[in-house]
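This report concerns only the one structure given below.
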Protein chains: 2
Amino acid sequence: MTGPEPTDQEPAGARGGGRDRRPTMADIARHVGVSRPLVSIVLRGAEGASDATRQRVLRAAAELGYRPDSLAQGLRSNRTRHLGVLFALRRPFEVELVEQMFPVVERLGYHLLLGATTAFRGQEAVTDELLRYRCEGLVVVGPELDGHRLEPVAEEVPVVEIGRRVTRGPVDVVRNDDAFGTRQAVDHLVSLGHRAIAFVDGGDNPGAEDRRAGYAAAMAAHGLAAEARVVPGGYTEDEGAKAAGLLLSDRLPTAVIASNDLSAIGLLDSVLRAGVRVPHELSVVGYDDSRFARLPGIDLTSVRQDVPRMAELAVQAVVERLDLPPREPRDVALPPQLVVRGTTAPPP
Amino acid sequence: MTGPEPTDQEPAGARGGGRDRRPTMADIARHVGVSRPLVSIVLRGAEGASDATRQRVLRAAAELGYRPDSLAQGLRSNRTRHLGVLFALRRPFEVELVEQMFPVVERLGYHLLLGATTAFRGQEAVTDELLRYRCEGLVVVGPELDGHRLEPVAEEVPVVEIGRRVTRGPVDVVRNDDAFGTRQAVDHLVSLGHRAIAFVDGGDNPGAEDRRAGYAAAMAAHGLAAEARVVPGGYTEDEGAKAAGLLLSDRLPTAVIASNDLSAIGLLDSVLRAGVRVPHELSVVGYDDSRFARLPGIDLTSVRQDVPRMAELAVQAVVERLDLPPREPRDVALPPQLVVRGTTAPPP
DNA sequence: CTACCGAACTAGCACGTGCTATTAGCACGA
DNA sequence: TCGTGCTAATAGCACGTGCTAGTTCGGTAG
């Protein structure tokens, strides 16, 4: 038993803290006095180990502070069971959607790898990073129109787009029926007696095009095509505030539908500051029914998207493509639901 | 009799798309007709390959759509160069901080691994997941007071806390001087002529305690201890709105300082809705100077934390502990800066 | 006593990459 | 002819884990 023992010590001072190497299965094996594969068997809960050994191994693992190495596991098994999600960190709606994905992913036995796009990193760079991590599928929240092409990515891993279809090919899409949403908003306002209903546009953001089209169609359906008025805007509070400026400087409508909640909130605060009473002089409708809309102080009438359901469908679609045989691309448009709150009332 | 086919391939149909195995360095090597290590040399940009070969390898890599495998790289090199960041997905301030960390981390040659805490996953579970990924350091934004102990984690990897110190031991802390921030707010309001200045508390959220203490001390310093009034609240819009209800139902002060912007915005909207004119009848001050505060429609006077600087210092602290010899724990408190906007004015 | 069997355990390869050590090939000087 | 020195390229181990194919060992049937 002459232990030649090749000392595999690292240069001790390299890592600042002088921290010990993290314990591995081999360490546990040495500690208990069994072979390394047996430790693997125990930790995986596989068959082939006696109860006594099982106890000793588990105890040693706890003592040493063992933590499974996801890198090695993923490398060896070729299944990382990780799904990447691409989203914009500064869009509350997308963040909310991501939040709802966690329980679904976990239930299906996967993990979520967050790929946040910021001002510094576009969708392309983030996608690349996610794929380097061997994530097995990709959920793209609010896919961008310009630039980044997802077609080649969709050939490597299953891709699901949330919000709108941007990519051709075997890409599933989960969205809400945006046109139906704005139609409900128009219907609601018309039923209150409004005729001069303006619309704050959403630019080229996800869903914006359909929302604008739904507004135009609904106005026409009510014989109010002549009253229709689209003000340029976007999905941010700033853009909503700017749109408010445009409306205030011109003739004020009796109601406004904004392309999303942030925009509606920016608009709302601007007109309130200008002394316009809401909803008595102006009704305001948002879109998304975000947590801001639900605030007691804001209490915004808004079109609700079924966020948990969208998150669930998107994750399910990716996992199906991973575990089941190929199928036709699917495009699900969930019906949104207008939530009436305090910012809408009959016109003066 | 026939050997059991050492086909290490997976069942072809298991993966839904029937997608090919992703290309590796060995594939490139075969394609070009060189050895695998030579491909490694070229892709790493190391010395030891002729320019001609270099070109051929790079071309083949592009053709095959090669993408480095982060798992294998991290496993082999024992340096993932990944920093984990723990933050709450539903706190805009923390999200903003994370966003600012990206360029810093990238500049130092590291990558950011997002560990988002949600309603479904607490700090403990997320920390564990990050460590399984072999992240080399941890930035904890807004560490929780209760439950989760970071001491044992700090013995494995460098830990930095942003917002407040929660953990003893070799943990660096980056925060802003919260007491100084609220003091500036009080000074500003007093200089405008206010005496009845209320404070909406932040509960046990990061920094809240110091902000409250700073308020109390500043009021006392101005001889206004008798006027001091702390209303229970929190860091969310809801809690701000509730605080507004408490203020409205009682005697209204001439000014309110909220513990953070979200709370201030909830409060702001509530009092505006109640017909209180801001700032003419009531001055409002927030904390954080978030993007909501800067909105034209909100235009909230607020105490600004230097978010990019905090992000930079935190990341630098972690990296220093990784690359440099151990040093004493550091606790940096940056001076915040009151930004005066439209929600503060002399009392009526 | 031998043969056999199942439980408990071990040997060893594979995953994709980084890196050190080694070798082939060539030019040059003595 | 033989080294010497250099470049270009290859051999091979290691990282930590999963998993297949053995191997030991005690017990039991023949």
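Order of the sequence lines fixes the chain letters, A, B, ..., with proteins taken first and strands second; residue numbering starts at 1 for each chain.
Distance, A:Arg81 CZ to D:dG18 P: 14 Å, rounded to whole Å. Rounded to whole Å, the distance from CG on B:Asp69 to C1' on D:dG16 is 14 Å. Rounded to an integer number of Å, the gap from CD1 of B:Ile28 to P of D:dA9 is 16 Å. A straight line from CZ of A:Arg134 to C1' of D:dT17 spans 13 Å, rounded to a whole angstrom. Summarising the geometry, the separation between CZ on A:Arg79 and C1' on D:dT17 is reported as 17 Å, rounded to the nearest angstrom. With rounding to whole Å, B:Leu71 atom CG is found 11 Å from C:dT17 atom P. What separates CG of A:Leu75 from P of D:dC15 is a distance of 14 Å, to the nearest Å. Look at CZ on B:Arg30: it is 10 Å from P on C:dG16, rounded to the nearest Å.
Of the side-chain N and O atoms in B:Ser40, one or more sit less than 4.0 angstrom from OP1 or OP2 of C:dG18. Contact check, B:Tyr66 against C:dT17: a side-chain N or O comes under 4.0 Å of OP1 or OP2. Neither OP1 nor OP2 of C:dG16 sits under 4.0 Å from any side-chain N or O of B:Gln73.
The existence of a salt bridge linking B:Arg21 and B:Asp27 is confirmed by a sub-4.0 Å separation between a basic side-chain nitrogen and an acidic carboxylate oxygen. Between B:Glu106 and A:Arg121 no salt bridge is recorded (no basic side-chain N to carboxylate O distance below 4.0 Å).
Looking only at distances, a side-chain donor or acceptor of A:Glu136 sits under 3.5 Å from a matching main-chain atom of A:Arg81. Under a 3.5 Å cut-off, the side chain of B:Arg54 and the backbone N or O of B:Ala49 do form a donor-acceptor pair. Judged purely by atom type and a 3.5 angstrom limit, B:Thr117 uses its side chain to pair as donor or acceptor with the backbone of B:Phe87.
When B:Val85, B:Val139, B:Val98 are each tested for a side-chain contact (heavy atoms from CB on, under 4.5 Å) with B:Ile162, only one passes: B:Val139.
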Just distance, no hydrogens or angles: give the donor-acceptor pairs under 3.5 Å from side chains in residues 65-74 of chain B, sequence neighbours left out.
| unit_1 | atom_1 | unit_2 | atom_2 | d |
| --- | --- | --- | --- | --- |
| B:Arg67 | NH1 | A:Asp128 | OD1 | 2.6 |
| B:Arg67 | NH2 | A:Glu156 | OE1 | 3.2 |
| B:Arg67 | NH2 | A:Glu156 | OE2 | 2.6 |
| B:Asp69 | OD1 | B:Leu71 | N | 2.8 |
| B:Asp69 | OD1 | B:Ala72 | N | 3.1 |
| B:Asp69 | OD2 | A:Arg134 | NE | 2.6 |
| B:Asp69 | OD2 | A:Arg134 | NH2 | 2.7 |

Side-chain donor/acceptor pairs under 3.5 Å, residues 163-173 of chain A, sequence neighbours excluded:
| unit_1 | atom_1 | unit_2 | atom_2 | d |
| --- | --- | --- | --- | --- |
| A:Arg164 | NE | A:Pro143 | O | 3.2 |
| A:Arg164 | NH1 | A:Asp204 | O | 3.0 |
| A:Arg164 | NH1 | A:Asn205 | O | 3.4 |
| A:Arg164 | NH2 | A:Pro143 | O | 2.9 |
| A:Arg164 | NH2 | A:Asp204 | O | 3.2 |
| A:Arg165 | NH1 | A:Thr167 | O | 2.9 |
| A:Arg165 | NH1 | A:Val171 | O | 3.4 |
| A:Arg165 | NH2 | A:Val171 | O | 3.0 |
| A:Thr167 | OG1 | A:Glu161 | OE2 | 2.6 |
| A:Asp172 | OD1 | A:Arg321 | NH2 | 3.2 |
| A:Asp172 | OD1 | A:Arg327 | NH1 | 3.2 |
| A:Asp172 | OD1 | A:Arg330 | N | 2.7 |
| A:Asp172 | OD2 | A:Arg321 | NE | 2.9 |
| A:Asp172 | OD2 | A:Arg327 | NH1 | 3.4 |
| A:Asp172 | OD2 | A:Arg327 | NH2 | 3.2 |

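Between A:Tyr133 and B:Tyr133, the two ring planes are perpendicular [angle over 60°; tilted spans 30° to 60°].
Considering only side-chain atoms of B:Thr24, the nucleotide from C:dG16, D:dG16, C:dC9 that sits closest is C:dG16. Each of D:dC15, D:dA9, D:dT17 was ranked by its minimum atom distance to the side chain of A:Met25; first place goes to D:dT17. Set against D:dT17, C:dT10, D:dC15, the side chain of A:Ala72 has D:dT17 as its closest nucleotide.
Using a 4.0 Å heavy-atom criterion, one finds that B:Arg22 contacts no nucleic acid atom at all.
Environment of CZ in B:Arg22: crowded, with over 12 heavy atoms of neighbouring residues, nucleotides or ligands closer than 6.0 Å.
For the residue pair B:Ser40/B:Arg44, the side-chain donor-acceptor check at 3.5 Å is satisfied.
Interface residues of residues 41-56 of chain A facing DNA chain D, ordered by number: A:Arg44; criterion, heavy-atom separation under 4.0 Å.
Taking A:Arg107 as the reference, A:Glu312 meet the salt bridge (charged side-chain N to carboxylate O under 4.0 Å, His left out) condition, with sequence neighbours excluded.
Terminal axes of the helix from C:dC1-D:dG30 to C:dA30-D:dT1 (five pairs each, C1' rotation axis) are separated by 80°, to the nearest 10°.
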Which atoms of nucleotides 11-14 of chain D (N or O only) lie under 3.5 Å from a protein N or O atom, and what are those distances?
| unit_1 | atom_1 | unit_2 | atom_2 | d |
| --- | --- | --- | --- | --- |
| D:dA14 | N3 | B:Arg76 | NH1 | 2.7 |

